[in-house]
Amino acid sequence: MARPVDVDARIAANHRLSHAYNILEIEAPSIACQTRPGQFVMVKRALGREPLLRRPFSVFEILRDARGAVTGLSLLSKQVGAVTRELFEAQPGDRLRCLGPLGTPFTVVNRPTRAWMVAGGVGLAPFATLAEALRAREVDTTLFYGGRSGDDLYRVPFFERLGVRVILTTEDGTRGEAGRVTEPLARELDAAGGLPLTIHACGPTPMLRAVAELAARAGHPVEVSLEPIMGCGLGGCYSCVVRVLDGGARFVRACIEGPVFEGSRVSWADLT
Amino acid sequence: MARPVDVDARIAANHRLSHAYNILEIEAPSIACQTRPGQFVMVKRALGREPLLRRPFSVFEILRDARGAVTGLSLLSKQVGAVTRELFEAQPGDRLRCLGPLGTPFTVVNRPTRAWMVAGGVGLAPFATLAEALRAREVDTTLFYGGRSGDDLYRVPFFERLGVRVILTTEDGTRGEAGRVTEPLARELDAAGGLPLTIHACGPTPMLRAVAELAARAGHPVEVSLEPIMGCGLGGCYSCVVRVLDGGARFVRACIEGPVFEGSRVSWADLT
Amino acid sequence: MGRPDLSVHVAGLRLANPLIAASGCFGYGVEYADLIDLSELGAIAVKGLFLEAREGHAPPRIVETPSGMLNAIGLQGIGVRTFVSGKLPELRARRAVVIVNICGSTVEEYAEIARILSDADGVAAIEINISCPNIDEGGHTFGCSLTGVRDVVRAVRAATTLPIFPKLTPNVTDIAATAAAAEDAGADAVSLVNTFLAMAIDVESRRPRLSNVVGGLSGPAIRPIAVRMVYECSNAVRIPIIGMGGIASARDALEFLIAGASAVQVGTANFEDPGIWPKLREGLLDYLERHGHTAVGEIVGTVDLSARETATWVSS
Amino acid sequence: MGRPDLSVHVAGLRLANPLIAASGCFGYGVEYADLIDLSELGAIAVKGLFLEAREGHAPPRIVETPSGMLNAIGLQGIGVRTFVSGKLPELRARRAVVIVNICGSTVEEYAEIARILSDADGVAAIEINISCPNIDEGGHTFGCSLTGVRDVVRAVRAATTLPIFPKLTPNVTDIAATAAAAEDAGADAVSLVNTFLAMAIDVESRRPRLSNVVGGLSGPAIRPIAVRMVYECSNAVRIPIIGMGGIASARDALEFLIAGASAVQVGTANFEDPGIWPKLREGLLDYLERHGHTAVGEIVGTVDLSARETATWVSS
Ligand SMILES: Cc1cc2nc3c(=O)[nH]c(=O)nc-3n(C[C@H](O)[C@H](O)[C@H](O)COP(=O)(O)OP(=O)(O)OC[C@H]3O[C@@H](n4cnc5c(N)ncnc54)[C@H](O)[C@@H]3O)c2cc1C
Ligand SMILES: Cc1cc2nc3c(=O)[nH]c(=O)nc-3n(C[C@H](O)[C@H](O)[C@H](O)COP(=O)(O)OP(=O)(O)OC[C@H]3O[C@@H](n4cnc5c(N)ncnc54)[C@H](O)[C@@H]3O)c2cc1C
Ligand SMILES: Cc1cc2nc3c(=O)[nH]c(=O)nc-3n(C[C@H](O)[C@H](O)[C@H](O)COP(=O)(O)O)c2cc1C
Ligand SMILES: Cc1cc2nc3c(=O)[nH]c(=O)nc-3n(C[C@H](O)[C@H](O)[C@H](O)COP(=O)(O)O)c2cc1C
Ligand code: FES
Ligand code: FES
């Protein structure tokens, strides 16, 4: 098991992708080198400063230098409030308190099983590392990636370079197929028939639920990455619970048993 | 009466004079142009940010452009805690919330009465503006200025250029006369005899008390500028009270009736 | 069509807006006349007054704490008669709606002050500071016992026909019961909350940071407790509630209104930003417009519990 | 000569240092075993346990507030027997000093849990969570009435010879009286404070931010109130006090020790910084050295009131 470490990391770069999205590169090799796909970090600008609690973020990319040595990691952040605003406005040289890696990662399948990744908006975050792991095993990998509009779709070339088949959708039709990401997914599922296949999904809850249902109907295993509000990320506060159906409906901590869950395990009706 | 205004002022410059002292130049002409010697401002880095309350600072210099138009004011700050540290670390371009001018100013005498200013450390702050006002009336003006060491004595040339006679003391003797600022003051008082003379003092409470006693003994009027903790600066909270002896010992608000008080009025035994 | 109507009616009192300057945080009001138009405030709750002038505590009287401050002013004041003769005329001239916050060391003192204010010209209402401990009489607080609350409110009720607003202390086990007792005793509305009894120690000197050892905690730190208390009281009484405790933005004020307050008071935030009043008004108007309301009264007491079954009152 | 001695004795219990992980903020302890050496903590107060497993409240269970947070976890837990069989062995193996925080919906449930823990191996003490409202039994809280406190403490006292530490709720008028009642009923020490009942509303949706509507306020925001309560209790009881509420630095811990606490607990701050423990220890050692103390016990209850005449308990 990975041993989480808490580092006061230097921010190496802040790429603002739009008015809402940014990618923050931070120098935290001790975390990056043990991170597995789907794991997250708990971050804060500085200890003892408002807001009080850290915020959870998926590890987006593992950063490496020219010689391939791990130098840090990046976060893909979408502004929704106080901390994500701070992350958006951060300057290179600023520090970021970063605790990780945390949580249960995705399962990385082996050939001939195929891997399909379904991302909605900022839900792309955990798939850069997953794609690398899958392609390293030469697993046939597809990314279904949906956003509101063309400007909300990022890092597509990165996935293409890895040899990932990328299927894009936008709600306004400005890029890729017009509509929801679940539409091409449904179509492809029908086409795929009985092929051995695992689905991974991250994004808005309604999308995750739809993906889980499609996968179940097609009889394929599916893993979803959930995003409950988290107070500690370490199992200490019981704030992050998700109701699961096994062992009689009960709440389990998403920071330990998740954030990645088998879709069939989640009590979707209880997810707000 | 001046009408206090609250401006979100731009910081034009931050001159760090030592590890503890800095002079902050801020663009607040609407405050500067109505400030009288000895008045203060209530400042804060930004509204809605910790620490909650503003802090009081004397207006140090009135800033003017080449053509003599008022462009802003400066603060002479000494680091003692949270806000003074923020002021020390502030960058040009940062903003400073600034409310003023506030409080009762010094009396500016006329010739032939002479004016003696007694400053201890950061207590120099209110005397730059007072010296200008006095010299504008060609009042014979002396500054007794004491610090711990030579490096703690600032802006001496400014006062000399105005034609102020400057008498320096340092506790470690590295500049001027060795010892307390009250020593040359006592000597000069003896020498001055019955000359018409007003004394103004700002600095640590023990120094103010000593100056008030020397002045009383010599029969000269003395004004002291006090520095109680202030919550609002406007008379709203009653946190800044000083016990005065007139009207039967009672507490008066230093932000309104002060910060400048007649030395004979202050109940020194009650000043901590 | 114009903008939404911010005016509110509290116990027969018409206020231009629900924003009131909290007692002790706005002097006698006149101190702010140079800075803002006093008639634009919903009302001004002036500094607590006893029958006679009071000196108050020695400094230091305040200290900052995380998102809050402690105060132990000791109710320094000029006494009610000097207020009536020396401050009320100017407040009247500036068309301020004046709520006089009164304190007493005995039930009779409260009543006597109420009588004096009833004869005065320009007093809109009386806020009864039962939440302030009974000074130097053993530290027992009227507001901490139901009988204490009833005795004071009844006595003041008998002494005046002005609207009376007992101001509740949060330092009690059951504030809803206190509010109900005040209602029974004839209160026209209740104000809450006053400050939380608290303490800060300078660890280097080991001395209390306040000369009075303990003081009252106010500011954003207490807001969630105050909102809960307003919500509890709004479920317990029929009379209007004037809510306060850490309001520093329109969003905060809205939280109290939605919880059940008909009007709100702002204290500590006025120290940080004496220009906060127009910002609060603008923020309320913007919210009402965005949510399609024509009057602020429409959102009072509108907490939406539909999302859940039944409240189980568990805190951890 | 070595560094000052941080060890303390609390009701017969010897702790390597006065720093205890607060209940509900450190899981069952084992969750942190990868991150820190559990034996370096003074003790661990594990998450509140009922007799049976409990599901707790639906999310959202926490929300942040100025310098604090609200929680309404609903005491989700595995039940005392599963704890004894499933967690205690690992805690014992890691040489953690374990204080078990117990909850009950009836006096008998508290007693039953205490009996089970008495037979278990590796329980250093029992912290009785009387401050947690009596779940779903009308919301009445044992800790809010003196009889409720006495009944629970007496029953647990009769059921075990382990040290018992009733944990007091701050949601009362007179916490010193509660502490005294606990002492009379046989408590070996008292822990305080638990969280303050509070509420936050999302003004856009008008929904409570917690599924449970109300929750408990913790964090730096409450520290000045908690320090005052510890100070009051230290003047009211002879048994040791375990103080907590918003401690986030050695300076904060020292404030509680000087106010009269023999040991302190840290909860919310551990969420922000799970690596806080060595920093707190170092800060205490540094302070003791600067002030020429050889043991932390020397500063307990050393508030210096010399600067003033007599405390007049006035808050504004
Ligand atoms: C395991 C995990 C991984 C995550 N990965 C990413 C990521 O890679 N990139 C990214 O941008 N975000 C990610 N999130 C979501 C992110 O943690 C929240 O957006 C963030 O905490 C918001 O903080 P804030 O201070 O900006 O907003 P706040 O001011 O705290 O809240 C603003 C609004 O956002 C809501 N909110 C707060 N926390 C969450 C949450 N966890 N989920 C949904 N809504 C929330 C609040 O209720 C409020 O309405 C992840 C969450 C989890 C649990
Ligand atoms: C009218 C007036 C004019 C002033 N002019 C100046 C000036 O020109 N330059 C300058 O550097 N300072 C001046 N001061 C003092 C200045 O206001 C304080 O140093 C400042 O408030 C400290 O804030 P802080 O957040 O840095 O320290 P805090 O963190 O608030 O406090 C740090 C320590 O300083 C003490 N302290 C806090 N406020 C004061 C105070 N008002 N007086 C003395 N000790 C205090 C605290 O008790 C604490 O021990 C003036 C004060 C007044 C009342
Ligand atoms: C410095 C100060 C003085 C106060 N004086 C009084 C008072 O005289 N009478 C009173 O009823 N409340 C008094 N209060 C309490 C406030 O009116 C208000 O109830 C409390 O501060 C909470 O509101 P806030 O958080 O907006 O400040 C005072 C508060 C402060 C900070
Ligand atoms: C998420 C959370 C869960 C808690 N659970 C419990 C509990 O199970 N039993 C208990 O006695 N106190 C519980 N508490 C209260 C804490 O133990 C502590 O008394 C309180 O949080 C104040 O300390 P702090 O400000 O350091 O967090 C809980 C607090 C939090 C924040
Ligand atoms: S976030 Fe604290 S237990 Fe999961
Ligand atoms: S600082 Fe508020 S009254 Fe003087």
Side-chain angles (χ1 to χ4, degrees), chain B residues 1-8 34 42-56 81-83 97-103 205 226-244 247-257 267 269-272, chain C residues 21-36 44 46-48 53-78 207 209-211 215 218-221 246 248-249 252 267-276 279:
Chain B
M1 224 304 267
R3 232 174 196 292
V5 286
D6 185 18
V7 296
D8 178 29
Q34 26 169 5
M42 293 291 289
V43 307
K44 185 166 195 206
R45 277 301 301 280
L47 295 178
R49 149 169 176 172
E50 290 282 282
L52 206 64
L53 300 172
R54 299 189 189 215
R55 300 291 192 268
V83 171
R97 196 83 202 182
C98 188
L99 170 69
L102 303 168
T205 303
L226 303 178
E227 299 193 349
I229 290 176
M230 293 185 168
C232 72
L234 291 165
C237 72
Y238 281 73
S239 64
C240 60
V241 294
V242 169
R243 195 191 290 277
V244 294
R250 61 201 177 88
F251 287 121
V252 298
R253 289 164 291 178
C255 65
I256 296 181
E257 294 200 23
S267 174
D270 292 301
L271 267 192
T272 40
Chain C
S23 180
C25 304
F26 209 69
Y28 296 110
V30 296
E31 291 86 347
Y32 288 82
D34 283 340
L35 216 61
I36 58 177
I44 297 169
V46 297
K47 192 163 167 39
R54 285 177 60 87
E55 184 180 47
H57 297 310
R61 288 177 167 188
I62 62 168
V63 58
E64 256 188 271
T65 62
S67 297
M69 66 179 279
L70 306 188
N71 87 84
I73 306 302
L75 291 164
Q76 171 172 358
I78 59 179
R207 295 229 179 93
R209 287 186 165 275
L210 296 171
S211 75
S218 63
S249 71
D252 303 338
T268 300
N270 173 68
F271 297 150
E272 180 196 17
D273 183 13
I276 195 172
K279 297 174 195 168

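Protein chains get the first letters and strands the later ones, always in sequence-line order, with residue 1 at the start of each. Note that the coordinates shown come from a computational prediction; the quantities given were computed from them, not determined experimentally.
Among B:D270, B:L234, B:L99, B:V5, the residue making the largest number of heavy-atom pairs under 4.5 Å with chain C is B:L234. When each of B:C237, B:C240, B:P228 is scored by its heavy-atom pairs under 4.5 Å with chain C, the top score falls to B:C237. Note: C:S67 leads C:G29, C:S67, C:G275, C:G267 in heavy-atom pairs under 4.5 Å with chain B.
Partners of B:I256 by side chain to side chain contact (heavy atoms under 4.5 Å, CB included), not counting sequence neighbours, listed by chain and number: B:R253, C:E31.
Here the CE-CZ distance, from B:M42 to C:F271, works out to 10.0 Å after rounding to the nearest 0.5 Å. Interatomic distance, CG of C:L35 versus CG of B:D6, reported as 7.5 Å (0.5 Å rounding). Expressed to the nearest 0.5 Å, how far CZ of B:R97 lies from CG of C:D273 amounts to 6.0 Å.
Neither the backbone nor the side chain of C:A248 comes within contact range of chain B; no heavy atom of the residue lies under 4.5 Å from a heavy atom of that chain. There is no contact between C:S249 and chain B, counting heavy-atom distances below 4.5 Å.
Using a distance-only test at 3.5 Å, with no hydrogens or angles considered, no donor-acceptor pair links the side chain of C:E55 to the main chain of B:F251.
Here side chain to side chain donor-acceptor pair (under 3.5 Å) pairs that include residues 226-236 of chain B, with residues two or more places apart or in two chains, number zero.
Contact annotation: the side chain of B:L47 never approaches that of C:I276 to less than 4.5 Å [non-hydrogen atoms, C-beta and beyond].
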